[in-house]
Number of protein chains: 2
Amino acid sequence: MAEKVIPDIVVARLPIYLRTLQQLKAEGRNITLSQELGEMLGISAAQIRKDLSLFGEFGKQGTGYNISYLIDRLCEILNVGKEWEVAVIGAGDIGSALVSYQGFANRGFRVNMIFDKNPEKIGTKLGGFFVKNSDDLVETIRSSEIKIAMLTVPAENAQEVAEKLVEAGVKAILNYAPIYLKLPSDIRVQYIDPSVHLQHMTYYL
Amino acid sequence: MAEKVIPDIVVARLPIYLRTLQQLKAEGRNITLSQELGEMLGISAAQIRKDLSLFGEFGKQGTGYNISYLIDRLCEILNVGKEWEVAVIGAGDIGSALVSYQGFANRGFRVNMIFDKNPEKIGTKLGGFFVKNSDDLVETIRSSEIKIAMLTVPAENAQEVAEKLVEAGVKAILNYAPIYLKLPSDIRVQYIDPSVHLQHMTYYL
DNA sequence: TAGATTGTTAATCGATTAACAATC
DNA sequence: TAGATTGTTAATCGATTAACAATC
């Protein structure tokens, strides 16, 4: 049987659904409706039902969706049942914020180490971790379980460091450097560039 | 004559084109081709030409695009010819990183003030700014030129603070709080949630 | 059963691509 | 002029929506 291919744009919405369901659960709720979720997210109820139906039948006609059950299913689908260990590359302001960031708790991630190439930063303590030497990046990450990295080095070095991450076995990179990374097609990359997001909005102002 | 409506997904790509052109310019280049841009960005040349053609004829057949000229046109289109003053709300780790962030330079933005509600933080200095009291947010921003804010408060307070920003005349919000904001339809919002971006990738791992 | 909401179909809507005429 | 690349068209591809049958 051919595996159903899920559009990437649907995959992109699942974490939003999950986050919202966890929020409802934290409020003590047990059941929600596609309509309620839609209103909480500015998305049509039809789209939410269609997205979820690509993965299975998670709701009950006439009743809605059991929140805890749907959370469990989405965690399975997104592979966040366990916690992924994550490396931060670059111990600047963004890197520092990420090692201390509380928002990874219960979302499937835990920062595990941080690297920098600046000798003045190597060995200093940041958010509970000693900053490691970038020269040891490949070796250290390769001998760890880490498959995910967050890249916060300057744009000039980002491509080079990204290639070292791939060499070390990293499969997913959250890239804060303002540059497109050319990497093998099996490596996933997501981009965060505040200026790009802001310029997207100033178009309309 | 009816104004042509530009798809939002096209608008989203323009800042990426602009960033890449500025990179080429910094390397001393004068001319580029849709094909080259496409290769630098993992986007088809046809799409780049089509996107740009929605706004005018910026290239020259047989030659390509003049980089400086195209940069100027994109800055005009995206309204980043002048520098926008931006407020940061929340003086936690992310807010701190944003006030010191070097990546706004030459991209059309300058952080101008930062707010927090914690009395221990109010009045302390952060990245060259004294942290202001959130209680004064509406008044202070309303009497400024600020139309853009970056929101880095906890999810529980984000909706409430966002409404105060709207009251103060803010028209665009870059939201780092992990929650969807329900705001009037003329207010633009962009979302940055590292956990969401990471979960988007773990689906494929 | 009656009422309600999901799951799913088919139609609509929108975005991307390939191909080539226009033109520098 | 010959060669090259843009701008643009039309076809293809993909995503969203409305509507309703299925079913709890």
Side-chain angles (χ1 to χ4, degrees), chain A residues 1-17 20-21 24 29-74 77 185 200 203, chain B residues 1-17 20-21 24 29-74 77 185 200 203:
Chain A
M1 187 187 97
E3 268 298 313
K4 189 163 32 182
V5 173
I6 307 294
D8 183 65
I9 198 164
V10 172
V11 176
R13 282 192 291 264
L14 299 184
I16 314 276
Y17 299 163
T20 309
L21 290 162
L24 286 169
R29 298 279 305 282
N30 292 310
I31 299 287
T32 187
L33 310 179
S34 61
Q35 190 176 42
E36 181 181 47
L37 271 179
E39 281 165 10
M40 291 179 75
L41 289 173
I43 291 178
S44 80
Q47 180 154 86
I48 291 173
R49 292 201 303 278
K50 182 138 222 304
D51 285 352
L52 295 176
S53 76
L54 292 173
F55 299 93
E57 309 193 355
F58 302 141
K60 203 176 268 184
Q61 277 99 331
T63 307
Y65 296 91
N66 180 295
I67 291 172
S68 294
Y69 178 75
L70 188 49
I71 287 174
D72 289 347
R73 293 294 74 69
L74 286 173
I77 292 164
S185 61
H200 182 173
Y203 171 81
Chain B
M1 187 189 97
E3 269 299 313
K4 190 162 32 181
V5 173
I6 307 293
D8 183 66
I9 198 163
V10 173
V11 177
R13 281 191 291 262
L14 299 184
I16 313 276
Y17 299 163
T20 308
L21 289 161
L24 285 170
R29 298 279 306 283
N30 292 309
I31 299 287
T32 187
L33 309 179
S34 60
Q35 189 175 43
E36 181 182 46
L37 272 179
E39 280 166 11
M40 291 180 74
L41 290 171
I43 291 178
S44 80
Q47 179 153 86
I48 290 173
R49 292 201 304 277
K50 182 135 222 303
D51 285 353
L52 295 175
S53 76
L54 293 172
F55 299 93
E57 308 194 355
F58 302 142
K60 203 176 267 184
Q61 277 98 331
T63 307
Y65 297 91
N66 179 296
I67 291 172
S68 293
Y69 178 76
L70 189 49
I71 286 173
D72 289 348
R73 295 294 74 69
L74 286 173
I77 293 166
S185 61
H200 182 173
Y203 171 81

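Letters A, B, ... are given to chains in the order of the sequence lines, protein chains preceding strands, and every chain is numbered from 1.
- B/Y17 is listed as a side-chain neighbour of B/L41, based on a closest heavy-atom distance under 4.5 Å.
- Side-chain contact check for B/I43 versus B/L37: every heavy-atom pair is 4.5 Å or farther apart.
- Summary of the strand contacts: A/Q61 and A/V10 both lie near DNA chain D, and taking for each the nucleotide with the nearest heavy atom, the more 5' one is attributed to A/V10.
- When each of A/F58 and B/D51 is assigned the nucleotide of DNA chain C with its nearest heavy atom, A/F58 is the one assigned upstream, toward the 5' end.
- Projected onto DNA chain D by closest heavy-atom contact, B/G62 and A/Q47 fall at different nucleotides, the more 5' of which corresponds to B/G62.
- Put simply, chain B comes within 4.0 Å of DNA chain D, heavy atom to any atom, from D/dA4 to D/dT9, going 5' to 3'.
- Partner assigned to C/dG14 is D/dC13, using Watson-Crick or G-U wobble distances below 3.5 angstrom.
- For the pair A/T20/A/T32, no side-chain contact is recorded, criterion being any heavy-atom separation below 4.5 Å from C-beta on.
- When Watson-Crick and G-U wobble pairs are counted only if both distances are under 3.5 Å, D/dC20 pairs with C/dG7.
- Atom CD of A/Q47 has more than 12 neighbouring heavy atoms from other residues, nucleotides or ligands inside a 6.0 Å radius.
- What you find for A/I77 and B/Y203 is that their closest heavy atoms are O-CD1, 3.3 Å.
- With a 6.0 Å radius and a threshold of 12 heavy atoms from other residues, nucleotides or ligands, A/E36 has its CD atom above the threshold.
- Position along DNA chain C of the nearest nucleotide to B/S44 versus A/G56 favours A/G56 as the more 5'-ward residue.
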